[in-house]
Amino acid sequence: MLLADSAILGGFVFSPAFDVSGNPIPDSEQYVRTNDSETNPSIILRGDGSGHLAKENILWDEDGNIIITGEYKSAESGKRIVINPDNGNIRMYDSSDRVLIDLDDTYNGDTPAISLYKYSGTSTTADWIGHYSATSMVIRRTSDDKDLFYVAYDLNGHVSIISDLLATDRDDVSIGEWYRDWETDRKS
């Protein structure tokens, strides 16, 4: 049996249970660290379960809550999720590297907050795109640039529902179907 105050194993230094003055170190302060720098180790694994990697760019607390500084990717290519805190964007990609979902926190009235994309086969152009924000929703078919469905709410409390595919005459619809009459008179 070998007893020692500290040991080096696989490039890690296991801190002793006592500090350099001989005082006991509480369990929550005991850690495993890399031997790169006493004052700023790249890896800390504390006895309470908390720690950090990559010089504190990846942190976690004793409950397992994680903070990652910089962009997060679940994979380099193919099916993956990419979170970029610099531009406030979250994207989901399919196995062909096509964007399926785009969440954007920079919504300003012109840019949608959420966009959904649907593709056919191996096409890199989306068949339709759905844009959703706090005041509007549009599903657009890209092949002919038609709005399949558009709903918008304005500050006056009006809701507009528009579709480029709706009939324009009430005689062209059946019971339960909608048509677009292009009325301009409104009651206040």
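Below, each value reflects all heavy atoms present in this structure, side chains not excepted, and no hydrogens, waters or symmetry copies.
Judged purely by atom type and a 3.5 angstrom limit, Ser95 has no side-chain atom pairing as donor or acceptor with the backbone of Gly78. Using modelled atom types, one side-chain atom of Asp169 and one backbone atom of Asp171 make a donor-acceptor pair closer than 3.5 Å. Trp128 places no side-chain N or O within donor-acceptor distance of the main-chain N or O of Asp147, the cut-off being under 3.5 Å. With Tyr117 contributing its side chain and Thr125 its backbone, the two residues share no donor-acceptor pair below 3.5 Å. In this structure, Ser115 contributes its side chain and Asp102 its backbone to no donor-acceptor pair below 3.5 Å. Using modelled atom types, one side-chain atom of Asp61 and one backbone atom of Gly64 make a donor-acceptor pair closer than 3.5 Å. Looking at Asp63, its side chain never comes within 3.5 Å of a backbone N or O of Asn65 through a donor-acceptor pair. A distance-only check finds no donor-acceptor pair linking the side chain of Ser96 to the backbone of Arg98 [under 3.5 Å]. A donor-acceptor pair is defined here as one N or O able to donate and one able to accept, closer than 3.5 Å; such a pair exists between the side chain of Ser74 and the backbone of Ile81.
Surrounding CD1 of Ile68 are more than 12 heavy atoms belonging to other residues, nucleotides or ligands, all under 6.0 Å away.
Lys79 and Asp94 are not joined by a salt bridge, as no carboxylate oxygen comes within less than 4.0 angstrom of a charged side-chain nitrogen.
With sequence neighbours excluded, the residues forming a salt bridge (charged side-chain N to carboxylate O under 4.0 Å, His left out) with Asp144 are Arg141, listed by chain and number.
Residue Asp164 holds its CG atom at 8.5 Å from CG of Asp145, rounded to the nearest 0.5 Å. In this structure, Ile83 CD1 and Met92 CE are separated by 10.5 Å, a value rounded to the nearest 0.5 Å. Within the model, atoms CG of Asn89 and CG of Leu103 stand 7.5 Å from one another, a figure rounded to the nearest 0.5 Å.
Between Leu100 and Tyr93 there is no side-chain heavy-atom pair separated by less than 4.5 Å.
Scanning all heavy atoms of the two residues, the minimum distance from Tyr119 to Thr124 falls at CE2-O, 3.6 Å.
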